[in-house]
Undergrad: 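Pasting a structure below so you can have a look.
Labels below follow one simple rule: chain letters A, B, ... track the order of the sequence lines, proteins then strands, and each chain is numbered from 1.
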Amino acid sequence: MATADKVDPIHQFHISKIVPIEIGGYDLSFTNSSLFMVATVVVASLFLYLATSGRHLIPSRWQSSAEMTYEFVGSMLKDSAGSQGMRFFPFVFSLFMFVLTANLLGLFPYFFTVTSHIIVTFALSILVIGIVVFYGLAKHGFGFFKLFVPSGVPLVLMPLVVAIEVVSFLSRPVSLSVRLFANMLAGHITLKVFAGFVVSLSALGAVGIAGAILPLIMAVALTALELLVAALQAYVFAILTCMYLNDALHPGH
Amino acid sequence: MFVTPAYGQETAPAVEGGDAHATSGAQAGTEVPHDAAHEGTFPPFDPATFSSQILWLAITFGLFYLFLKRVVMPRLADILDTRSSRITQDLDQAAKLKDEADAAVAAYEQELAEAKAGANAIGQQARDAAKAEAETARKKVEANLEKKLAEAEVRITSIKSSAMKDVGAIAESTATAIVEQLVGKADKAGVAAAVKSIAG
């Protein structure tokens, strides 16, 4: 019976309460998802804190990796949003580290993937777009709406172009969140399906074990692919954040 | 610590759904197991879990942001600043040392050029002095030789004139002797006059 449940590819996304909390009719329980958010933050913080605690002039491997991540995100933000964008460096850096660590932690067997839930990625996207809108309005006032009016467009086409721009702006949080969520979800389901084949086939005796080799190879290859996807999606999330922040800083096209 | 709750989550529905799936065996793989609270809902789209996830995301991400902004990023910026300033400092020092080395080379070359010029001057001076000395010595020798030549010429002239004086007497006596042999007797005065006229 335990085999049947382990093979279920959706089961890994279930949320179970660890400490039930309910305030004002809202369920605010500390769940396995919350636990892995805490784990993500603790792992990422400890990595960055311990790696840099030596403050070596010539960095150790750990310190070098922390520095490389820092400089990588820094140059990414500077390239897409200019030096004015560096005020958002702490935000983009924590966003990148959080998503990356959550994605990578989710690859461990039995671990919960925080970013495989749409509400988490959507909340992060809304945070990004919220910062873009509020900062853009605070800095440029109504000038921020130049974002929707590209220069050099004939007046006849203007209403159409503005409509397209508005729709594309509104779809940003959706595409940003769905991209990360769907990648994580699909990857983990595929991984679980192939791993499940290995388990159920090897229960069928010698022939089954021989047949299980192929899905096992697939599972290994997919694990490597998922490792790539985990890092890539964190990068994509961060670089799109940088580009949206650039719109808040420089609304004119 | 991380594994235990997740593992618990894996095994808990097995007990609950035990009766329903007891007979289906290995084929139950693709079926969604029944959860007591949210039956049949795809977990990522279950709105019942949204409030708790948003709250805990806000708490954890907020703390993470503050920790990175206050502690980690100033530290990383400090490390990188220290390193880059150290590199600039070292480069500056290297440039300064290079300038010093260049100046030393230039000074050395100038000194070398001066020494060469001095050596040339000294050589020239020595050559001129030697030439002048040789010239005076030569002049002295020449003057000496000329004096000796003049003296010799004077002596030659005197000897010649005295010899010329004797020549007349010898000619007379010779002529007298020749005449006596031819004629037997010689007129000394006539012979003398003849010799004199020939010598004339």
Undergrad: Under 4.5 Å heavy-atom distance to chain A, tell me which part of Arg86(B) shows up: side chain, backbone, both or neither.
TA: side chain

Undergrad: Centre-to-centre under 6.0 Å for Phe13(A) and Phe112(A), is that the case here?
TA: no

Undergrad: Quick check on Phe67(B) against chain A: is it the side chain, the backbone, both or neither that has a heavy atom closer than 4.5 Å?
TA: side chain

Undergrad: Using a strict 4.0 Å threshold on nitrogen-to-oxygen distance, state whether Glu151(B) and Lys147(B) make a salt bridge.
TA: no

Undergrad: Between Leu185(A) and chain B, which part of the residue has a heavy atom less than 4.5 Å away: side chain, backbone, both or neither?
TA: side chain

Undergrad: Using every non-hydrogen atom in the two residues, find where Tyr26(A) and Ser51(B) come nearest and quote the distance to one decimal.
TA: CD2-CB, 4.2 Å

Undergrad: Ignoring hydrogens and angles, state whether a donor on the side chain of Asp27(A) or Ser52(B) is under 3.5 Å from an acceptor on the partner side chain.
TA: no

Undergrad: Checking Glu22(A) against chain B: side chain, backbone, both or neither under 4.5 Å from a heavy atom?
TA: neither

Undergrad: Given a strict heavy-atom distance threshold of 4.5 Å, which part of Ser33(A) is in contact with chain B: side chain, backbone, both, or neither?
TA: side chain

Undergrad: Determine whether Ile59(B) and Met37(A) make a side-chain contact, defined as any pair of heavy atoms from C-beta on separated by less than 4.5 Å.
TA: no

Undergrad: Only pairs of heavy atoms separated by less than 4.5 Å count here; which of Thr40(A), Val114(A), Leu48(A) has the most with chain B?
TA: Leu48(A)

Undergrad: Considering only heavy atoms, which portion of Ala77(B) lies under 4.5 Å from any heavy atom of chain A: side chain, backbone, both, or neither?
TA: both

Undergrad: If I measure from the heavy atoms of chain B, does Leu105(A) come under 4.5 Å with its side chain, its backbone, both, or neither?
TA: neither

Undergrad: For Phe89(A), which atoms come within 4.5 Å of any heavy atom of chain B: side chain, backbone, both, or neither?
TA: both

Undergrad: Measure distances from Leu68(B) to the heavy atoms of chain A and classify the residue's part below 4.5 Å as side chain, backbone, both or neither.
TA: side chain

Undergrad: Sort Ala44(A) into side chain, backbone, both or neither according to what part of it lies under 4.5 angstrom from a heavy atom of chain B.
TA: both

Undergrad: Heavy-atom distance under 4.5 Å to chain B: side chain of Phe91(A), backbone, both or neither?
TA: both

Undergrad: Does Tyr70(A) have Arg75(B) sitting over its ring (NZ/CZ under 6.0 Å from centre, angle to axis within 45°)?
TA: no

Undergrad: Which heavy atom of Leu245(A) sits nearest to which heavy atom of Val92(A), and what is that distance?
TA: CD1-CG2, 3.7 Å

Undergrad: Could you tell me if Gln63(A) and Glu67(A) have a donor-acceptor pair between their side chains, going purely by distance under 3.5 Å?
TA: yes

